[in-house]
Amino acid sequence: MHARPAAPGGAGPEGPAHVAIIMDGNGRWAERRGAPRTLGHREGVQALKRTVQAAPDFGIRCLTVFGFSTENWRRPVEEVSDLMGLVRAYVSSDLERLEREGVRVRILGRRTGLPADIAGIVVRAEERTAHNDRFRLQVAFNYGGQADLVDAAQALVDRAAREGRFEVAEDDLAAGLSGAGAPPLDLIVRTSGEQRLSNFLLWEAAYAELVFQDVLWPDYGAEALAAAVAEYRRRNRRFGGRPAQPVLAAG
Ligand code: FPP
């Protein structure tokens, strides 16, 4: 998962293969219209649909979006239940199409603490699309990057107790993360002008490029994604090396 060659020069015209998006700004989008935040989240779902539709045209094979964080439970109960309702609606209206179009859906994050019907929806979405490999859509839901690392570490502790294996390699930890199996993360986009990770994909972010866009999430779509990809392709990715140097194996 992590052994990547140093890329000489720019990131190249083909990538990014894996893009993660912090879909920020739904509330501000609604407030600017004097509308309830709910409307911003609803329009946010439309933006998500447009973005998933457009992503393969840019060579993107995996899209990971931050739908609901472990910290979002602190929002007023009506907003939380509205977000849950949107997930129900999104899955029931789009699952069949996603399945037909070759999209594999994965839900990242803790399953415990989810309303029972949402937990069922999550399982159904993953099972029905498990055979697909054209495109991978990962929705981080009840997700926190630190919690995900804790869970991966716990799995290693359990393994050590069971099998008496006490050495840990990077790949062991990576294999226990909820997004294991996705291509290495190339690009993280955050909309709305905020510039922080907010506990998203902390491990996976190690060598990802970061792009911050001023657009509010409900206004997102192919055009904004094209701008993020163009910015990514101008970047010079070195993965800790130097572009002109041959890569020497460690050890
Ligand atoms: C941030 O906007 C966005 C969220 C907390 C949730 C993102 C959710 C969706 C786009 C819709 C539901 C998701 C799925 C997967 C169907 P904010 O409310 O923090 O905006 P603000 O910073 O302007 O207040």
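Numbering of ligands and ligand atoms starts at 1, following listing order. All values below come from the heavy atoms of this structure, side chains included, with hydrogens, waters and symmetry mates left out.
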Q) So is there a nitrogen or oxygen of Trp29 less than 3.5 Å from a nitrogen or oxygen in ligand 1? A) no
Q.
Please list the nearest protein heavy atom to atom 8 (C) of ligand 1 with its residue and the distance rounded to 0.1 Å.
A. Gly67 O, 3.8 Å
Q. Salt bridge or not for Arg88 and Asp117, using N-O below 4.0 Å?
A. yes
Q | Distance-only N or O hit between ligand 1 and Asn26, under 3.5 Å | A | yes
Q) Mind checking what makes side-chain hydrogen bond (donor to acceptor under 3.5 Å, both in side chains) contact with Arg33, not counting sequence neighbours? A) none
Q) Mind checking whether Phe200 and Phe66 have parallel, tilted or perpendicular rings, split at 30° and 60°? A) parallel
(Q) Under the rule for side-chain hydrogen bond (donor to acceptor under 3.5 Å, both in side chains), what residues qualify as partners of Arg37, not counting sequence neighbours? (A) Glu31, Glu79
Q.
For the 3.5 Å polar cut-off, considering only N or O atoms, please tell me whether Asp24 and ligand 1 meet it.
A. yes
Q.
One thing to verify: whether Arg124 and Glu127 come together as a salt bridge, which I'm taking to mean a side-chain N less than 4.0 angstrom from a carboxylate O.
A. no
Q: Tell me which part of Phe141 gets within contact of ligand 1: side chain, backbone, both or neither, using heavy atoms under 4.0 Å.
A: neither
Q. Is there a heavy atom of Trp217 sitting under 4.0 angstrom from any atom of ligand 1?
A. yes
Q | Closest protein heavy atom (residue, atom, distance) for atom 20 (O) of ligand 1 | A | Gly27 N, 3.0 Å
Q: Quick one: look at Arg75 and ligand 1, take heavy-atom pairs under 4.0 Å, and tell me if it's side chain, backbone, both or neither.
A: side chain
(Q) In this structure, does ligand 1 have an atom that sits under 4.0 Å from one of the heavy atoms of Arg37? (A) yes
Q.
Any atom of ligand 1 sitting under 4.0 Å from a heavy atom of Ser192?
A. no
